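Worksheet: one structure, shown below.
What you see is a predicted model; the values in this text were computed from it and never measured. By convention in this document, chain letters (A, B, ...) are assigned in the order of the sequence lines, proteins followed by strands, and residues within each chain are numbered from 1.
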Amino acid sequence: MDSPGKARKKQQKSEKRKEFLMLIRQPGLLFAIIFVFAVLILFCIYPIVRLFISCLTDKSGQLNLDNINYVFTKTDFFQAFWNSIKLGLFVGLMATIVGYLYAFAITRTKLPGKKFFNIMAILPILSPPFVISLAVMLLFGRSGLITKNLLHIRGNNIYGFTWLSIVQILSLFPLAYLNLKGMLETLDSSVENASRTLGASRLKVFLTVTLPLSLPGFLSSFLIIFAKSLCDFGNPQVLAGDYNVLSVSAYLQIVGLFDLKTGSFIALSILLPCMLAYLIQNYWVSKRSFITVTGKATGTVELIREKKIVIPLFVILLLLTLFTILMYGTVVYVSFVKTWGVNWSMTLDSYQFILKRGERAIKDTLLLSSIATPCTALLGMLIAFLLVRKNFFGKRLMSAASILPFAVPGIALGIGYVVAFNTKPIQLTGTALIIIVAMVFRTLSIGVETGSNSLRQVDPSIEEAAINLGAGNARTFFTISLPIMKSALFSGLLNSFIRSMTSVSAVIFLVSVNWNLLTVNILSEIESNRLGAASAYCVALMVMVVLAVGVLEFIVNGLFARRRRSYE
Amino acid sequence: MNNEAVGVEIRDLVKTFPAFDDKKGEVYAANHVTLSVQPGELVTLLGPSGCGKTTLLRMVAGFLMPTSGEIFIGNREVSKIPPNKRNVGMMFQSYALFPHMTVYDNVAYGLKLKHMGKTEIRERVKGILQLMQIENYASRFPNEISGGQQQRVALARAVITEPNVLLFDEPLSNLDAKLREYMREELRKIQKRVGITSLYVTHDQSEAMAISDKVIIMRSGKIEQAGTAMEIYARPKNQFVAGFIGKANFVRPDSVLSLSGGKAEVELLGRRMTIDASEECRNGEPCVVMIRPEDIKISPEGKFKARIISKAYFGQYIRHFLDIAGQEIEQMDFTQSNAALQVGDEIAVNLVTDSLRLLPLDDTEET
Ligand SMILES: Nc1ncnc2c1ncn2[C@@H]1O[C@H](COP(=O)(O)OP(=O)(O)O)[C@@H](O)[C@H]1O
Ligand SMILES: [Mg+2]
């Protein structure tokens, strides 16, 4: 006898089968799904799997744990692991606190210059990863302007935990700020207002209502920044010195000792805590959040005006911002100075130098990023479209696979690409293609995310109307969904372009004699202590990013402009 | 338009959704629905919100997969044909106009897909825009025209490709009352002119009665009754249908003396009479008598004594609430000759016994 549950399962199965049959009758859609799965498996899952396999096997492909044994006994792996975790925890906590102060000041108080502070907080997200490290070297290093010339400290040592953590906090707190700002804005302010009207003091409201309600957001920021700090390669490579961390250690194993297997294993060991942080962040914090997000504004918060609260916050924000400006200003200034610390006359020497030495790298970076960006955006929008609007088997896998390269440490992804694509049948190392592919998949999840969010806000019957009129899936996507997603497309394109231009860790193993990148050049200039040239590269990179914003806006607006013609 | 109209037939269609509350159960959005629409006919699905009307339309359009059952358009079983190949036009509740295209491009979209020549497209679009009286708005964007105009654009876009069947999902529900009445006449005119087979969904009974050849009353995924507006109004099968179409008093008879062959002898409000009975009435089961407000006539020779409890003036008619034998009953007086009556007056009334109807008692409190 069939139980009702069984009967229902059967029914669902037959429904699933019908859906599948329908899918087969839409070859375009089926092709799109298969294509997306193929590229995701090849470029997101396969390299990571290969990375695992390569750690656990010897040259002949046999299971072999000697390698792990070697890492545990012959290298300072545990020291580096502990250092990384310590750094991540500290930076996660501090950056989240700073981000929270920032977000609270912007959303809850009557602070002058909010717009300005907002822009200044976002700046570090948009800029190349070394700018702050570089500025710290220039200002506080052995021959730093502040340490040597102003304070007359000789041979100040900036290499190690202290400055590394400061730089990471400065470059990562904007993420916490954006995250917490969104949270504080959607937090139902009527609860706060209610307790205010009940006579609670400001401090009491903050401690008993606002803070507990923002705890999930706080935790989520902490976890994200913890993971980011762990995965960071650029800043530790420049500033860590003797403070050994995993990402640098993996890099050194490969570049210094040509030991791919040890490097792979160390890179993988970053992956685990990193993924764990993302998973907890995703499943625990977002599920159990007790934030009262209502979606609609239920009354505005009464902004805090009391001087004793606003002034300290203002001073903190101002100092932070001034410090950021000082950092960027220094880098720009240095790029025009003849020799930092010795000869302060203004010249264009650094730019002439990078144009001569780095012309190829600049061109390559621009070219490869410009190819990667539209690919990322299109593929991202396509995946968003499939995930949000279509029903098919394996949706979860598709969503997870598209996030994977973003969630894994860049260094692990880069090594994974080397391991997976340096031999036949798919030999890509040394080509432009492998760099483009790394850029595309590293930033893919941004495209998917922006696309999904914007698609969810569009009434699905608009697309159904097109299908109803006889449009196939491809045509619906290109003539209806994509134009409607225009602004999402724009921010997706922009974001992915910036990240492609400024990525370091994922591509550092993929550059070759034929194809080189700006960020890799910056790193080597810093290592050779040619800080003027490094600064000039950074400025060039920032200028290109700003120009890209303009160009992209022009292209996207032109491509999908609402056209009004007269019909006579 | 010139192509031969085809009919629609739905056979034993079932669609279930997993229930939200308990994990085991399921909701029947369509519960063994069988219906047919003759070529060129306009059939209305009428039912309360949530009864499964949209779900049914979406299955015909192909956006939803039926759990079981068959849908025929013409003589073709369509459940394996993707939605873009079904040649079924649909007007969405939200209009779903393409926000990034002008009115002209919205309407032309379907024709462009058919690879029609530019001049022909222009001719046809112009023609339909004129028919809908929106030719002056051709180069506006959807957010630059009014709700009524948007609705016409949606209709123009749906009919211009000459679909076999036209589906309407509460197309008038976003308009204000005045415009709604005007637009439904327009809609009906255009549908008749184009001669297109149509399935029309609404929860507004007057809209259904005004435009349809046939009305189908739905409740919780099930068809309760199908027929012309007149048939359903005069001979509802049960209390739900009677209450949903038009107004009705439901009075428990004092007793049912006999029940057979669609006739019943009942004792009602202290008097014995023979009235029509629904085929769903069963001997021995509780019943009610449907009395439409207009079937109570005030007359000095009336056999029933009544007292006026309240009174309201509506222009075409006066509405009284009457106390007849202890029951509160609504009455509508279209004669204008009893305007002088006052609350508290004792009067006499007659019942139009031909219009009374015995129905099975509905104890699921749902309207
Ligand atoms: N995608 C869905 N998932 C689960 N339940 C649904 C879904 N769509 C509709 N339903 C349920 O099916 C029933 C019928 O819905 P619908 O067809 O939209 O009703 P109507 O259009 O008559 O207001 C409702 O109970 C609704 O909750
Ligand atoms: Mg509906």
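- Side-chain polar atoms of A:Ser461 and B:Tyr95 form no donor-acceptor pair below 3.5 angstrom.
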Is there a side chain to side chain contact (heavy atoms under 4.5 Å, CB included) between B:Phe98 and A:Thr479 once you walk through the steps? CA-CA 10 Å; B:Phe98 308 133; A:Thr479 61; over 6 Å; no
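- Other residues, nucleotides and ligands contribute at most 12 non-hydrogen atoms within 6.0 Å of the OH atom of B:Tyr137.
- A:Asn468 touches chain B through backbone and side chain together, each having a heavy atom under 4.5 Å away.
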Quick one: do B:Tyr109 and A:Arg475 satisfy side chain to side chain contact (heavy atoms under 4.5 Å, CB included)? Show the steps, please. CA-CA 11 Å; B:Tyr109 188 83; A:Arg475 194 181 288 267; 4.1 Å; yes
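- Other residues, nucleotides and ligands place no more than 12 heavy atoms under 6.0 Å from the NZ atom of B:Lys222.
- The two residues A:Leu469 and B:Leu113 make their nearest non-hydrogen contact at O-CD1, 3.6 Å.
- Other residues, nucleotides and ligands contribute more than 12 heavy atoms inside 6.0 Å of the NZ atom of B:Lys114.
- In this structure, CG in A:Asn473 is found 7.0 Å from CG in B:Asn84, a value given to the nearest 0.5 Å.
- Counting heavy atoms from C-beta on, the side chains of A:Ile462 and B:Phe92 never come closer than 4.5 Å.
- Most heavy-atom pairs under 4.5 Å with chain B: of the set A:Ala471, A:Pro483, A:Gly472, this distinction falls to A:Ala471.
- The contact between B:Arg58 and chain A is made entirely by side chain atoms (from C-beta outward), counting heavy-atom distances below 4.5 Å.
- When heavy atoms are compared at a cutoff of 4.5 Å, B:Leu111 does not approach chain A at all.
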Could you go through A:Ile480 and B:His100, starting from their C-alpha distance and side-chain angles, then the distance that decides it, and tell me whether this counts as side chain to side chain contact (heavy atoms under 4.5 Å, CB included)? CA-CA 8 Å; A:Ile480 308 293; B:His100 57 298; 4.1 Å; yes
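- Around NZ of A:Lys395, the count of heavy atoms belonging to other residues, nucleotides or ligands within 6.0 Å exceeds 12.
- The local environment of CD in B:Gln93 is crowded, with over 12 non-hydrogen atoms from other residues, nucleotides or ligands closer than 6.0 Å.
- For a residue to count as touching a neighbouring chain, one of its non-hydrogen atoms must lie under 4.5 Å from one of that chain's; by this rule B:Leu167 does not touch chain A.
- Note that the CD1 atom of A:Ile467 and the CE atom of B:Met90 stand 12.0 Å from one another [nearest 0.5 Å].
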